[in-house]
Amino acid sequence: MTKKTAILIGFIGLKFVLQFLLLSSEYELQRDEYLHLDQANHLAWGYLSVPPFTSWTSYIIQLLGNSIFWIKFFPALYGALTIYIVWKAIEELNGNLFALVLGATCVLFSILLRLNTLYQPNSFDVLSWTALYFILLKYTKTDDLKWLYLGATAFAIGFLNKYNIVFLLIGLLPSLLLTEHRKIFLKSTLYFAILVGLILILPNLIWQYNNNFPVFHHLKQLAETQLINVNRLDFLKNQLLFFVGSLIVIFSSFFSLLFYKPFQKYRLFFFSILFTLTAFLYFKAKDYYAIGIYPIYIAFGSVYLADVLKDGWKKYLQPVAIAVPLLLFIPIYNVAFPNKSPEYIVQYSENYKKLGLLRWEDGKDHLLPQDFADMLGWKELALKVDSAYLMLPNRNNTLILCDNYGQAGAINFYTRQKLRAVSFNADYIDWFDLTKKYENLIRVKEAEEVNVELQETSQFFQNSTLSGSITNQYAREFGTGIFIFTGAKIDIRQRIKDEIDEKKNYR
């Protein structure tokens, strides 16, 4: 084993260790994770919320036992592979050992540690962007046409994970046209590669067509409820915060792509980031959508700085360059990860508030960061739903209807009974079982609607009661109520079907 290989293995090992150490046992899974895990029980070529790739990973996790270890393992794996690709990119750019260590350190001690704590499509999205940029680097360096096919395949897999990768193409196409690499459009191989990519994503496109392209409804809903609160200036500011320990390296990459002679053929990367960020700004995208851009630029910047700092007194700055990402990570460690108790965060809330971490997607400040609040109260909910379920007569004929996908997913993940919760929210709208005549209803209602639920629903049942609620004040679901309705007076399946049809017609 060479020294370089041993160091690379060390970085990857440290990556896995950190991902598990940064999570406190006081927190549960985050709301989105429950939905993605539940998709393993409903495999398809598409979903209202995401393309199908995440469901395939969820199915593997299910086969492995559905434990927290494996749920957290896969985003950590995707983060480790991102480090590996950046390492290989530095080697392709003829970077020395210092460049390799600097690049790996910058990627390791960055926003990716936060991103890779959650089982969401974002971790693989960053890996997909990094892989596609690496393939572009290889093609630019070698002109080997096989990289066009590999690029089309990488794009297709990234597309089947998250449609966000389309922004990479939006930034790349004009960049190619502005440089000598425009000649690629004259190569027939490019169009055969595009055909390969289209074939790979075709099943998802067919699914979208057969379901009236719900992705557009999802984007419209996102724009109306979340992106409306996005501030473009905040978007740019947060780009600096994501890789704050690596800013010197990243800005060095921009300079080197313009003026460093060995990188002259890679100048399209400079234009690509400008066009991609402009597209994100135009569409008022969430700030973290752009995280996948930066790892490849860390590779360019690391190689350039290694050349600048290779001689004379500048050599003594090499340890400083490596130390900066690590030192700047220390304060981030104290606020950006679910490794502090809710009580601690509330006690030192001013520190979190100054950094904007208490600002949620609704534009308001809360007790905890949104992701942290989304990791509390779920076990309590599932336990109370299980208890309510066991109290019911003819419990097998019970519908468990939730207000949102987080509630339904958490109940299905933690339940110890043979029950399946559903919702009119997100993918659960397609997972109702309407073959069964329901006699009972367990209704999970968000806090702001608890007071009207009995009045609205009890008229359809012989008996009704509020069974319990989520009492964890730090949970986003604090106050969510659990209602029990028994002895249905009507066949509620028709009302369910009407509600499903109404929502699907709207989209």
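Between Phe243 and Val107 there is no side-chain heavy-atom pair separated by less than 4.5 Å. Using a 4.5 Å heavy-atom cutoff, the side chains of Leu148 and Ile184 are in contact. Inter-residue side-chain proximity for Leu118 and Met375 is flagged as met; some heavy-atom pair is nearer than 4.5 Å. Side chains of Leu108 and Leu14 form a contact here, defined as non-hydrogen atoms less than 4.5 Å apart.
More than 12 heavy atoms of other residues, nucleotides or ligands sit less than 6.0 Å from atom CG of Leu198. Counting non-hydrogen atoms of neighbouring residues, nucleotides and ligands closer than 6.0 angstrom, the NZ atom of Lys315 reaches no more than 12 such neighbours. Other residues, nucleotides and ligands place no more than 12 heavy atoms under 6.0 Å from the CZ atom of Phe192. Within 6.0 Å of OH in Tyr84 there are 12 or fewer heavy atoms belonging to other residues, nucleotides or ligands. Annotation for Glu180: atom CD counts as buried by contact number, over 12 foreign heavy atoms lying within 6.0 Å. Remark: Phe69 CZ is packed, more than 12 non-hydrogen atoms of other residues, nucleotides or ligands lying under 6.0 Å away.
Taking the side chain to side chain donor-acceptor pair (under 3.5 Å) definition, one finds that Gln473 meets it with nothing, sequence neighbours left out. With sequence neighbours left out, Tyr428 forms a side chain to side chain donor-acceptor pair (under 3.5 Å) with Asp38. A search for side chain to side chain donor-acceptor pair (under 3.5 Å) contacts involving Asn404 returns Arg31, Glu446, Glu477, not counting sequence neighbours. The side chain to side chain donor-acceptor pair (under 3.5 Å) test applied to Tyr260 returns Asp307, not counting sequence neighbours.
In this structure, Phe300 has its ring center under 6.0 Å from that of Phe263. Aromatic ring centroids of Phe73 and Phe20 lie 6.0 Å or more apart.
Note: Phe329 and Tyr333 have tilted aromatic rings, judged against thresholds of 30 and 60 degrees for the angle between ring planes. In this structure, Tyr133 and Phe269 have tilted ring planes: the angle between them lies in the 30° to 60° band. Taking the six-membered ring for Trp and thresholds of 30 and 60 degrees, Trp147 and Phe134 have ring planes more than 60 degrees apart, a perpendicular arrangement. Classified by interplanar angle (parallel below 30°, tilted 30° to 60°, perpendicular above 60°), the ring pair His36/Tyr119 is perpendicular.
Under a 3.5 Å cut-off, the side chain of Tyr191 and the backbone N or O of Phe185 do form a donor-acceptor pair. At distances below 3.5 Å, at least one donor-acceptor pair connects side-chain atoms of Arg267 with backbone N or O atoms of Leu258. Side-chain atoms of Thr2 come within 3.5 Å of backbone N or O of Thr5 as a donor-acceptor pair. Side chain of Trp360 to backbone of Leu368: a donor-acceptor contact under 3.5 angstrom is found. In this structure, the side chain of Ser246 does not engage the main chain of Val249 through any donor-acceptor pair within 3.5 Å. Side-chain atoms of Thr140 come within 3.5 Å of backbone N or O of Leu136 as a donor-acceptor pair. Judged by distance alone, with hydrogens and angles left aside, the side-chain atoms of Thr276 form no donor-acceptor pair with the main-chain N or O of Ile273 at under 3.5 Å.
Note: Leu241 CG to Leu236 CG = 11.5 Å, rounded to the nearest 0.5 Å. In this structure, the separation between CD1 on Ile83 and CG on Leu112 is 7.5 Å, given to the nearest 0.5 Å. Note that CG of Leu328 is 12.5 Å distant from OG of Ser110, once rounded to the nearest 0.5 Å. Note that CG of Leu376 is 10.0 Å distant from CD1 of Ile470, once rounded to the nearest 0.5 Å. The line from OG1 of Thr480 to CG of Leu381 is 7.0 Å long, rounded to the nearest 0.5 Å.
Contact between Gly103 and Ile90 at its shortest, heavy atoms only, is CA-CD1, 3.8 Å. Minimum heavy-atom separation, Val308 to Lys314: O-CD, 3.3 Å. Between Gly245 and Pro325, the shortest heavy-atom contact is O-CG, 3.4 Å.
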Just list the side-chain donor-acceptor pairs under 3.5 Å for residues 74-82, sequence neighbours left out, or say none.
from: Tyr78; atom 1: OH; to: Thr57; atom 2: OG1; distance (Å): 3.3
from: Thr82; atom 1: OG1; to: Tyr78; atom 2: O; distance (Å): 2.9

What pairs of donor and acceptor atoms, side-chain ones from residues 155-171 against any protein atom, are under 3.5 angstrom apart with sequence neighbours left out?
from: Asn161; atom 1: ND2; to: Pro121; atom 2: O; distance (Å): 3.0
from: Lys162; atom 1: NZ; to: Asn122; atom 2: OD1; distance (Å): 2.4
from: Tyr163; atom 1: OH; to: Asn204; atom 2: OD1; distance (Å): 2.8
from: Tyr163; atom 1: OH; to: Asn204; atom 2: ND2; distance (Å): 3.3
from: Tyr163; atom 1: OH; to: Gln208; atom 2: NE2; distance (Å): 3.0
from: Asn164; atom 1: ND2; to: Asp125; atom 2: OD2; distance (Å): 2.9
from: Asn164; atom 1: ND2; to: Tyr289; atom 2: O; distance (Å): 3.0

- Can Lys138 and Leu150 be said to form a side chain to side chain contact (heavy atoms under 4.5 Å, CB included), step by step? CA-CA 10 Å; Lys138 286 288 292 184; Leu150 289 172; over 6 Å; no
- Query: Run the side chain to side chain contact (heavy atoms under 4.5 Å, CB included) check on Tyr34 and Glu28 step by step: do they pass?
  - Reply: CA-CA 10 Å; Tyr34 297 113; Glu28 301 156 19; 3.7 Å; yes
- Task: Go through the steps for Tyr414 and Trp378 under the test ring pair (Phe, Tyr, Trp, His ring centres under 6.0 Å), then give the verdict.
- Result: CA-CA 8 Å; Tyr414 289 115; Trp378 302 117; 8.8 Å; no
- Evaluate salt bridge (charged side-chain N to carboxylate O under 4.0 Å, His left out) for Asp371 paired with Arg114, printing each intermediate quantity in order. CA-CA 11 Å; Asp371 277 346; Arg114 169 75 184 271; 3.3 Å; yes
- Task: Mind running side chain to side chain donor-acceptor pair (under 3.5 Å) on Asn425 and Gln407 for me, showing each step along the way?
- Result: CA-CA 10 Å; Asn425 181 230; Gln407 297 164 352; over 6 Å; no
- Under the side chain to side chain contact (heavy atoms under 4.5 Å, CB included) rule, what do Asn339 and Tyr27 come out as? Steps first, then yes or no, please. CA-CA 9 Å; Asn339 54 8; Tyr27 295 91; over 6 Å; no
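Between Trp56 and the choices Tyr47, Trp45, Phe124, the ring pair (Phe, Tyr, Trp, His ring centres under 6.0 Å) rule is met once, by Trp45.
Between the side chains of Glu380 and Thr471, a donor-acceptor pair is found at a separation under 3.5 Å. Using modelled atom types, one finds no donor on one side chain facing an acceptor on the other under 3.5 Å when comparing Gln239 with Asp287. Side-chain atoms of Ser58 and Ser55 form no donor-acceptor pair, as typed in the model, at a separation below 3.5 Å. Between the side chains of Tyr405 and Asp32, at least one donor-acceptor pair of N or O atoms lies under 3.5 Å. Side chains of Ser123 and Asn116: a donor-acceptor N/O pair is present below 3.5 angstrom, by distance only.
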